[in-house]
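Everything on this sheet refers to the single structure shown next.
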Amino acid sequence: MDNRSIAQLLSETADLLEIGSGDPFRIRSYRRAAEAVESTTVQLSAIAGDAKKLQEIPGIGKGMAANIQEIEKAGTLPLREELLVKYRPSMLELLKLPGMGPKSVALFWEALQVSSVAELETAISEGKLKDLPRFGEKQIEKLRKGIEDYKKNSGRFLIDEAEVAAEKLIAYLRTFPGIETIEPAGSLRRGRETVGDLDILVTGPACAEDVVQAAVDHTAAYPPIANLIAKGQNKVSFNLRSGLQVDVRLLPKGSYGAALQYFSGSKMHNVTVRQRALKRGYTLSEYALARVEDGSFVAGATEEEIYAALGLDWIPPELRENNGELEAAEKHTLPFLIEQRDIRGDVHMHTVATDGKNTIREMADAAVARGYEYIAITDHSKNLAMTNGLDDARALEHIQRIREVDAEMEGQIRVFPGIEVDILGDGELDLSNEVLAQMDVVIASVHSLFNQPEAEMTARVLRAIENPYVRILGHPTGRLLLRREGYQIDIGAVIRRAAELGVAVEHNAYPDRLDLCDRDLRLAKEVGCKISINTDAHHTSHMEKMRYGIKQLRRAWLTKADVLNTLPAKEFLAALRPRP
DNA sequence: GCCGTTTTCGGCCCGACTGTTTTCAGTCG
């Protein structure tokens with residue numbers, strides 16, 4: 001089993017223990033172990049036979065090593081199964097609702113036998129929550145809203161999860177002789193932040209009509225399949241254990257481009273493209289572009305030849321949303337979208353000084369390996385007590401160490417001193433201006449001010465960016481995909497004011513964050529607000545997540561020129577808001 | 001359940017916010 005799945009089992013066990021109000025410290029060690037498993041670079045299945053090696057991972061002791069061995073052997077662990085008899089698996093889903101913790105799940109179960117989102121919804125509409133302690137009007141309304149938001153997103157998966165699932169399947173399919181090209185289509189290819197299901201298109205000699213059956217059988221024999229939905233002539237559909245639905249289509253080379261175009265969507269883009277085809281006497285299907293009068297073949301092997309036959313430049317999948325991309329493709333004015341390799345630095349990251357997992361030096365080395373020219377170390381400030389946030393004195397010491405590492409790197413990379421300072425309830429920052437003045441990169445972030453009225457929330461953030469030392473606004477909307485809609489904030493007003501002040505707004509590239517949606521990013525570009533894209537890395541491996549954020553920027557039509565950290569080190573600093 | 005020991009058990013990042021209290025529990029980061 002892969003590390004991610006092991007981590008998930010451990011973390012679910014922690015949740016269940018918490019619902020059963022187990023020993024809080026025992027619960028914490030399950031969570032810590034889950035985190036450790038997730039972030040270790042060692043593949044656990046490779047060392048599962050050796051309990052000593054497992055225990056070398058910090059957070060894994062004797063008992064947890066045994067648990068992991070049991071998971072490898074049996075696919076689950078006894079404690080979890082035991083708890084799932086007592087409680088219901090659907091309770092884990094309840095925990096995902098905003099404001100729902102283990103205590104509330106336990107309460108609803110004991111008092112009302114409510115164990116799922118659907119049952120909770122019914123209980124609310126029947127007014128059964130009213131008699132429960134701690135649940136007044138506001139709490140109930142919050143839950144109602146939370147369920148609504150949850151239902152909007154449920155059944156969708158974060159882009160990185162979908163991509164990992166796609167990569168594994170692709171590696172498996174590649175082992176079959178005669179399969180040459182495999183590509184994900186659908187919303188994954190368009191770079192949507194979440195995907196509903198996975199569309200994989202396959203071609204090669206093995207997909208020719210007369211021989212495709214063997215390749216179809218091979219696909220249907222993919223070991224991780226949890227539930228085979230359908231196996232047809234050239235299509236296999238199934239669910240993975242995560243619930244993600246996958247459709248694999250095996251197509252002859254001649255129609256591969258047409259299929260890729262068709263299944264990449266979006267729906268509205270395709271409608272417009274087909275209308276255009278009809279106007280020119282063609283008809284476009286997932287098999288080919290053909291003449292209307294006699295059905296004769298015009299194009300189909302590649303997307304390029306199809307778009308070209310319609311008088312269009314090839315359109316990057318991220319732009320296929322019927323937002324003017326056809327007009328631009330016709331006039332040859334499609335933008336040169338930003339690419340991963342344009343990014344020269346990641347300027348929001350944490351170290352062991354607060355809640356990061358690596359040292360300053362380790363982060364710097366990892367950034368060198370990625371080819372970056374600079375990074376900024378921006379640990380938390382004291383208001384985030386649980387992260388061991390820095391106060392003025394510690395922040396000053398930390399800057400000193402950052403400068404030392406910067407010198408150690410001897411120009412291989414620049415390491416800028418910075419801080420992610422917290423915005424307090426009154427819009428003030430929790431470190432002194434004297435200290436902030438020492439930092440190259442001051443990111444002001446909202447962290448813990450949920451459930452404020454929108455006007456209040458917006459006023460606080462606007463107040464915070466008036467502080468002349470603030471150079472970047474960190475996770476400006478605070479949204480967490482699939483879990484919560486985000487802070488209630490007038491992001492338009494914030495972006496406009498940031499533009500006036502010269503404060504950059506951050507797009508957090510981490511897949512469950514992806515702070516700004518494409519609408520916000522387009523607005524930022526429109527009003528001249530500077531944008532910086534960062535991963536908020538708490539571990540060297542997190543820097544990899546940059547590519548998911550890049551897709552969002554591309555979807556918003558952004559180019560290299562629109563993003564601050566595509567600049568070389570000196571120019572980057574110079575482009576930040578000038579210090580007083 | 002992990003860790004670090006004064007090796008055998010005690011300590012384990014904690015403060016802010018909210019809504020419900022009438023002194024606090026639950027959730028969040």
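Just so we're clear, the structure is a prediction, and the values are computed from it rather than from any experiment. Quick note on labels: first sequence line is chain A, next is B, and so on, each numbered from 1.
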For [N], glycosidic torsion class - syn if within 90° of 0, otherwise anti:
N	value
B/dC17	syn
B/dT8	syn
B/dT20	anti

Could I get the full list of ring pair (Phe, Tyr, Trp, His ring centres under 6.0 Å) partners for A/Y30, not counting sequence neighbours?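 By the ring pair (Phe, Tyr, Trp, His ring centres under 6.0 Å) rule, A/Y30 matches no residue at all.
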Looking only at atom [atom1], what distance separates [N] and [M], rounded to whole Å?
N	M	atom1	answer
B/dC28	B/dG19	C1'	14 Å
B/dC13	B/dT23	C1'	26 Å
B/dG15	B/dA25	C1'	15 Å
B/dT8	B/dT18	P	48 Å
B/dC17	B/dG29	P	14 Å
B/dT5	B/dC12	C1'	14 Å
B/dC14	B/dT22	P	29 Å
B/dT20	B/dG26	C1'	10 Å

Could you verify whether a donor N or O on one side chain and an acceptor N or O on the other, from [X] and [Y], lie under 3.5 Å apart?
X	Y	result
A/R88	A/S115	no
A/H348	A/E420	yes
A/D536	A/H350	yes
A/H539	A/E35	no

Would you mind reading off the distance between [X] atom [atom1] and [N] atom [atom2], rounded to a whole angstrom?
X	N	atom1	atom2	value
A/K145	B/dG19	NZ	C1'	18 Å
A/N67	B/dG1	CG	P	7 Å
A/D512	B/dG29	CG	P	10 Å
A/R31	B/dC12	CZ	C1'	15 Å
A/H475	B/dC28	NE2	P	17 Å
A/D422	B/dA16	CG	P	11 Å
A/L132	B/dA25	CG	C1'	14 Å
A/Q139	B/dG19	CD	C1'	6 Å

A/R28 near the nucleic acid: base, sugar-phosphate alone, or nothing, with a heavy-atom cut-off under 4.0 Å?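 Sugar-phosphate only.
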Could you say whether A/K103 or A/P133 is positioned toward the 5' end of DNA chain B, judged by the nucleotide with the nearest heavy atom to each? A/P133
First of A/N388 and A/R134 reached from the 5' end of DNA chain B, by closest nucleotide: A/N388
Which nucleotide in B/dG29, B/dA16, B/dG1 has an atom nearest any side-chain atom of A/L384: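 Nearest nucleotide to the side chain: B/dG29.
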Straight-line distance of A/T540 OG1 to A/H542 NE2, nearest 0.5 Å: 8.0 Å
With a 4.0 Å cut-off, would you call A/D518 and A/R555 a salt bridge?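 Salt bridge flag = yes for A/R555 with A/D518.
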Run the salt-bridge test on A/R31 and A/D15 with the 4.0 Å N-O cut-off and return the result as yes or no.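 A/D15 and A/R31: salt-bridged.
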Can you pull out the residues from residues 4-24 of chain A that lie within a 4.0 Å heavy-atom distance of DNA chain B?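 A/D23 - these, ordered by number, are the residues of the stretch whose heavy atoms sit under 4.0 Å from the strand.
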Specify the residues of residues 43-65 of chain A, ordered by number, for which at least one heavy atom lies under 4.0 angstrom from an atom of DNA chain B. A/P58, A/G59, A/I60, A/G61, A/K62, A/G63, A/M64
Test item: [X] side-chain N/O and [Y] main-chain N/O as donor-acceptor pair under 3.5 Å:
X	Y	result
A/D160	A/P511	no
A/H380	A/T387	no
A/D422	A/S381	no

Could you go through residues 491-505 of chain A and list every donor-acceptor pair under 3.5 Å that involves a side-chain atom there, pairing it with any protein atom two or more places apart or in another chain?
residue: A/R497; atom: NE; partner: A/E466; partner atom: OE2; Å: 2.7
residue: A/R497; atom: NH1; partner: A/E500; partner atom: OE1; Å: 2.5
residue: A/R497; atom: NH2; partner: A/E466; partner atom: OE1; Å: 3.3
residue: A/R497; atom: NH2; partner: A/E466; partner atom: OE2; Å: 3.0

Donor-acceptor pairs under 3.5 angstrom involving side-chain atoms of residues 131-138 of chain A: please list them, not counting sequence neighbours.
residue: A/R134; atom: NH2; partner: A/S104; partner atom: OG; Å: 3.4

Taking only N and O in the side chain of A/S104, is any of them less than 4.0 Å away from OP1 or OP2 of B/dT27? yes
Name the stems with DNA chain B in them: runs of three or more consecutive Watson-Crick or G-U pairs, distances under 3.5 Å? B:1-4 with B:9-12, B:14-16 with B:27-29
